[in-house]
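Below, read A as the first sequence line, B as the second, and so on, with proteins coming before strands; counting in each chain starts at 1. Just so we're clear, the structure is a prediction, and the values are computed from it rather than from any experiment.
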Amino acid sequence: MKLATWNVNSLKVRLPQVLDWLENSPVEALCLQELKLADDKFPIDAFTEVGYQACWAGQKTYNGVAIITKTAGTDIQRNLPNFEDHQQRIIATTLPSPAGDIRVVSAYCPNGQAVGSDKYEYKLKWFMALQEWLRQELERYPRLAVLGDYNVAPHDEDVHDPKKWEGDILVSEPERAAFNALLSLGFTDSFREFEQEDKSFTWWDYRRFAFRRNAGLRIDHVLLSDALKRYCSACTIDKSPRGNEQPSDHTPVVATLDFQCA
DNA sequence: ATGTCTCACTCGGTGAGA
């Protein structure tokens, strides 16, 4: 089975691309971020028409997350229970798998704007709360997958020009420490479990022809708990939607779980 | 290059956020 994540930067604009992508890349679960639409505007009918179900936590204008699933999810959780926040950045659900139930989280971690800003402080606090919550989730659901836009490039190899970006937002040491603290709970950055091309990125600024120059960052990740990692046979970045008109500035990341191969 | 894209507010130009 495949699990995927994609920051679509407006589901209203990108819905045809998402439906097209699902048709060509069937997955058990597709985690979406930056829906930028209110709950009552979520295009649930478009997904049910093509055989998918969904759960979502929407918000007007900004943020918003969803999980598009083949089978109905249970035990749906919106937002971090331990963090007072009107911004919709988390949704989680439980899905059946051959190895038993797996817990899937779609996360849109704060961007942080600039190191030292109010939004940066919010980002670091939010990550602390995410860490505490995931620690509890892991106890309850050992098979746990956390997919999303983390807005952190974990290592210099995840940055097209590490010197230019040094200490900047998305790569600063406190942000990387917050990301590593999640891994310390017992998660693996599944992309790095496999051989990958140099300069593999998931996000490119819309400006300055960044995609054409491959001036990107790898900030969208699939974190798998130890109990799931053993089934993971591949993790890839799918740049194909960049060939569309009006592409998102992020591309999908897809992890394959093979329950025969454990 | 303050570079582009999206949405809100409101019908066109500006501000916020990424």
Side-chain angles (χ1 to χ4, degrees), chain A residues 5-21 31-43 46 56-66 79-80 83 85-91 106-127 130 147-154 158-161 163-172 174-176 178-179 201-221 237-253:
Chain A
T5 181
W6 192 4
N7 179 325
V8 290
N9 184 19
S10 170
L11 184 57
K12 186 182 170 189
V13 172
R14 237 65 70 182
L15 178 62
Q17 295 185 42
V18 173
L19 296 172
D20 182 60
W21 189 84
C31 297
L32 300 176
Q33 300 86 37
E34 283 206 89
L35 308 182
K36 295 188 175 180
L37 43 79
D39 275 341
D40 61 345
K41 307 281 191 205
F42 187 86
W56 61 93
Q59 181 186 337
K60 192 180 174 184
T61 314
Y62 301 121
N63 310 309
V65 285
N79 250 328
L80 296 171
F83 190 78
D85 194 2
H86 73 279
Q87 302 187 29
Q88 301 299 310
R89 297 183 173 280
I90 290 282
I91 191 158
S106 178
Y108 176 48
C109 305
N111 170 281
Q113 196 170 59
V115 173
S117 66
D118 290 351
K119 293 190 178 71
Y120 184 74
E121 295 307 312
Y122 163 78
K123 179 176 191 173
L124 295 178
K125 283 187 185 131
W126 190 93
F127 265 92
L130 176 65
L147 298 86
D149 176 0
Y150 286 78
N151 271 311
V152 177
D158 303 313
V159 181
H160 70 97
D161 187 345
K163 282 212 176 93
K164 190 180 148 209
W165 278 81
E166 190 175 1
D168 217 337
I169 196 68
L170 312 182
V171 309
S172 75
E175 291 167 271
R176 286 177 167 176
F179 183 81
F201 306 125
T202 65
W203 169 82
W204 301 261
D205 198 301
Y206 278 122
R207 294 167 289 189
R208 302 177 61 192
F209 308 106
F211 181 74
R212 198 194 294 179
R213 296 186 293 121
N214 197 29
L217 270 64
R218 191 176 69 93
I219 56 176
D220 300 87
H221 309 298
I237 295 167
D238 181 2
K239 292 203 281 186
S240 66
R242 291 297 312 211
N244 296 334
E245 300 259 335
Q246 280 188 291
S248 170
D249 47 352
H250 296 250
T251 53
V253 183

Inset, instruction - To the nearest Å, give me how far apart CG (A:L15) and P (B:dC7) are. - result: 12 Å

Inset, instruction - Identify, between A:D205 and A:S10, the residue whose nearest nucleotide on DNA chain B lies closer to the 5' end. - result: A:D205

Legend entry - Whole-Å gap separating P (B:dT6) and CH2 (A:W203): 15 Å

Legend entry - Below 4.0 Å: OP1/OP2 of B:dT2 and any side-chain N or O of A:R208: no

Inset, instruction - Take atom CD of A:E175 and atom C1' of B:dA18, then tell me their distance rounded to the nearest Å. - result: 14 Å

Inset, instruction - With the side chain of A:K60 defined as its heavy atoms from C-beta on, choose the nearest nucleotide among B:dA8, B:dC5, B:dT4. - result: B:dA8

Inset, instruction - Please list, chain by chain and in numerical order, all residues satisfying side-chain contact (heavy atoms from CB on, under 4.5 Å) with A:D85, sequence neighbours excluded. - result: A:F83, A:Q87, A:R89, A:Y122, A:W126

Legend entry - A:V13 side chain, from C-beta outward: closest of B:dC7, B:dC9, B:dC5: B:dC7

Inset, instruction - Round to the nearest Å and state the distance from A:Y122 atom OH to B:dA18 atom C1'. - result: 14 Å

Give me the distances for all protein-to-nucleotides 15-17 of chain B N/O pairs that come in under 3.5 Å?
from: B:dG17; atom 1: OP2; to: A:K119; atom 2: NZ; distance (Å): 3.3

Legend entry - ring pair (Phe, Tyr, Trp, His ring centres under 6.0 Å) involving A:F127 - partner list, sequence neighbours excluded: none

Legend entry - Per A:E34 side chain, nearest of listed nucleotides B:dA18, B:dC7, B:dC5: B:dA18

Inset, instruction - Give the rounded distance in Å between these two atoms: CZ of A:R207 and C1' of B:dA18. - result: 8 Å

Inset, instruction - Considering just the side-chain nitrogens and oxygens of A:Q246, establish if one lies under 4.0 Å of OP1 or OP2 belonging to B:dT6. - result: yes

Inset, instruction - Please name all residues satisfying salt bridge (charged side-chain N to carboxylate O under 4.0 Å, His left out) with A:R208, sequence neighbours left out, ordered by chain then number. - result: none

Legend entry - Rounded interatomic separation in angstrom, taking CZ from A:R242 and P from B:dT4: 14 Å

Inset, instruction - Take A:L35 and A:Y206, find for each the nucleotide of DNA chain B with the closest heavy atom, and name the residue whose nucleotide sits nearer the 5' end. - result: A:Y206

Inset, instruction - Report yes or no: does A:T202 contribute a side-chain atom to a donor-acceptor pair with the main-chain N or O of A:I219 at less than 3.5 Å? - result: yes

Legend entry - Distance-only side-chain donor-acceptor flag, A:D149 / A:W203, under 3.5 Å: no

Inset, instruction - Using whole Å, report how far CZ of A:F211 lies from P of B:dC5. - result: 14 Å

Inset, instruction - Quickly work out the A:L32 CG to B:dT6 C1' distance and round it to whole Å. - result: 17 Å

Legend entry - All side-chain contact (heavy atoms from CB on, under 4.5 Å) counterparts of A:Y62, not counting sequence neighbours: A:Q59

Legend entry - Listed partners of A:D39 passing salt bridge (charged side-chain N to carboxylate O under 4.0 Å, His left out), at least two apart: A:R78

